[in-house]
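In what follows, chains are A, B, ... by sequence order, proteins preceding strands, each numbered from 1. This is a predicted model, so every value here is computed, not measured.
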There are 2 protein chains.
Amino acid sequence: MTQLTEAVHAHRILPGMKLSEDEVAEVFGVSRTIVRQALRALSHDGLVSIERNRGAFVSKPSVKEAREVFEARALLEPQTARAAAERATPEDVAHLERHIEDEHAALAAGDAGRALMLSGLFHVEIARVADQKTIETFIQQLISRSSLVIALYWQRRSALCESHAHHALLDAFRQNDPDRAEEVMKGHLVDLVSQLNLREPPTETRSLKEALRG
Amino acid sequence: MTQLTEAVHAHRILPGMKLSEDEVAEVFGVSRTIVRQALRALSHDGLVSIERNRGAFVSKPSVKEAREVFEARALLEPQTARAAAERATPEDVAHLERHIEDEHAALAAGDAGRALMLSGLFHVEIARVADQKTIETFIQQLISRSSLVIALYWQRRSALCESHAHHALLDAFRQNDPDRAEEVMKGHLVDLVSQLNLREPPTETRSLKEALRG
DNA sequence: CTGCATCATATCGTATACAATATTTGCATA
DNA sequence: TATGCAAATATTGTATACGATATGATGCAG
C-alpha cells in the first residue's frame, strides 16, 4: 500500500486526483477497509485531503502551504545536517553514496519520477544518520509535501540542480564537517525555493488506473 | 473521541496503559471501527503505540525519545514565538491571555490535569498566532508527547514553573518584541528540560474505565 | 514442585453488509 | 433552451461477522 506514497513521490499520481476507495481497492486487490486505513494515514501526512462523504483527493498545496513547508524545512534540516555530519560513520557515507548513485541511474534510465523520489528520500536518510527519529518523521512528511509542491510549482528551467548540493553534503559528512553541512543544506533549501514559481495554482488530472499501472 | 487525547494530556490516562478496542468502544458507545480509526490517529501522533495482534498502549517515551522531543521543540518553537510576536494583534494577545487565565482557574480549582493540558495548548496557540499551520501541526504532536514525557520524568520539586514564562511570552507578544519572544521561549524550553529527571524509565498502570469516568 | 506442551480464551486484523450522504441524470416547466 | 426539482445512482461512513494471532490456563512429565 506504500506504493501509493511512492506513486505520489514519483509524480505518477498528481495533485487534485481523486482516490476513490473502490477503485484503489480494486487496483491493489484488497478490501476497502485497508484502503481507508492507508488514505487516513496519507491524509495525516498531508499527502491527501479527505472531504467527508466526498472522498480522498491528492492534496493541492496552496502557495501559502508551499511556503510553510519550506520554512519548516529551513528550521529543521540545516541543524539536522549538522548533527548528521557530527555522527556520520564511513558506513553512513557509503549508504548515502549508494543512494545518490541510484538516483543517477534512475535519471540515466529516463525514470525521472524515481529519481525525484530518491532525491527526496536522501533528505530523510540524513535525518536517520543524525539519529533523530522524531525529526526524521517530520522531515519525511515535509519531503512528501514538497513533492506535491514541486509537481505544482516547479519551473522547468534549470533541471539538474540537486546533484551538486547532495554531493557537497556527502563530502561534508565524509569529512565530519558540521559547519559546512549546515551551510550547504541551508543554501540547498534556498536554491530549491528559488526554483519554484510560487504564484499561480494550476490544475490537471489524469485517470488513476493508468497512472498506477505505469 | 478527542476525549481520549484530552485524557492523555490531563494525565488521567498514563503511559503504558492498554487501550483495548472493545473496552474503549464500550465506554464511548461506538463501534470498534471508530475506535480503531482514533487509535491509528493517536498512534500517528506518537501518543499510543500499536503492537500488531496485541493492541494499543499509551506510549512510554524512552529517555532518548524524550530528549528528541525537546530537541525538536528547541528547533521549532523559538522561531515560531518570534514570528508570533511579529504578527500578534491585540485580539491574539487577548485570546492568549484568556488561555492563561483558564489555566490559573483550573489550578485554583484543584484540577491540575486540566491546567497541565491548557499549559501545553498555550504553545500550540502561539503557532496559530504565528500563522504557521504546518509547524503548528508538528508542535501539536510535540506537545502531546511532551505530556507523556512529563508524566514519566517530571520531578515534582519546583511546581509552579510555567506561569512566569508564559506571562513573559505574553508581554513580548503584546509589545511585538520578536527578539524577546524568541529568547524567552528558548529559555522556557531549557527550563522545562532541566526539570525532568531523564534517567530511569518508571512504570505504572491503572484501569481504563475508572480513569475515564473520573 | 517446576517446566514445558497443549488447548481454551480473548483480542486484534480483515472482509463484507447495510445506512447515510453526495452526485448525476432525466424530465417537466418556464 | 435554460432551469429547477426529483428520482436514480454512486460513493463514503459505520457496524457487524468471521478468521488469525497472541495470551493465559491447564495438565502432564520430569
Rounded to whole Å, CD of Gln37(B) lies from P of dC12(C) at a distance of 16 Å
Using heavy atoms to find the nearest nucleotide of DNA chain D for Ser31(B) and Glu21(A) separately, return the residue whose nucleotide is more 5′. Glu21(A)
Carboxylate-amine/guanidinium contact Lys64(A) Asp131(B), below 4.0 Å: yes
Between Arg54(A) and Thr33(A), just flag the one whose closest nucleotide in DNA chain C comes earlier from the 5' side. Thr33(A)
Residue Ile50(B), side-chain atoms from C-beta onward, closest of dA15(D), dT14(D), dG13(C): dG13(C)
Rounded interatomic separation in angstrom, taking CG from Asn53(B) and P from dG19(D): 16 Å
Looking at Arg32(B) and dG13(C), is any side-chain donor or acceptor paired with a base atom of the opposite kind under 3.5 Å? yes
Nearest 0.5 angstrom please: Phe57(B) CZ to Ser20(B) OG, how far? 9.5 Å
Using a strict threshold of under 4.0 Å (side-chain N to carboxylate O), is an ion pair present between Glu23(A) and Lys18(A)? no
Rounded to the nearest 0.5 Å, how far apart are CZ of Arg36(B) and CD of Gln37(A)? 6.0 Å
Which whole-number value in Å describes the distance from Phe28(B) CZ to dT14(D) P? 15 Å
Let me know the distance between CG of Leu39(A) and P of dT11(D), rounded to the nearest Å. 14 Å
Nearest whole angstrom, please: distance from the P of dA10(D) to the CD of Glu23(A). 14 Å
Spacing of Arg52(B) atom CZ relative to dC12(C) atom C1', expressed in whole Å: 9 Å
Looking only at dT11(D), dT21(D), dT14(D), the nucleotide nearest the Ile34(B) side chain is dT14(D)
Expressed in angstrom and rounded to an integer, what is the separation of Glu51(A) atom CD from dA22(C) atom C1'? 12 Å
Taken to the nearest whole Å, CD/Glu26(A) to C1'/dT11(D) is 15 Å
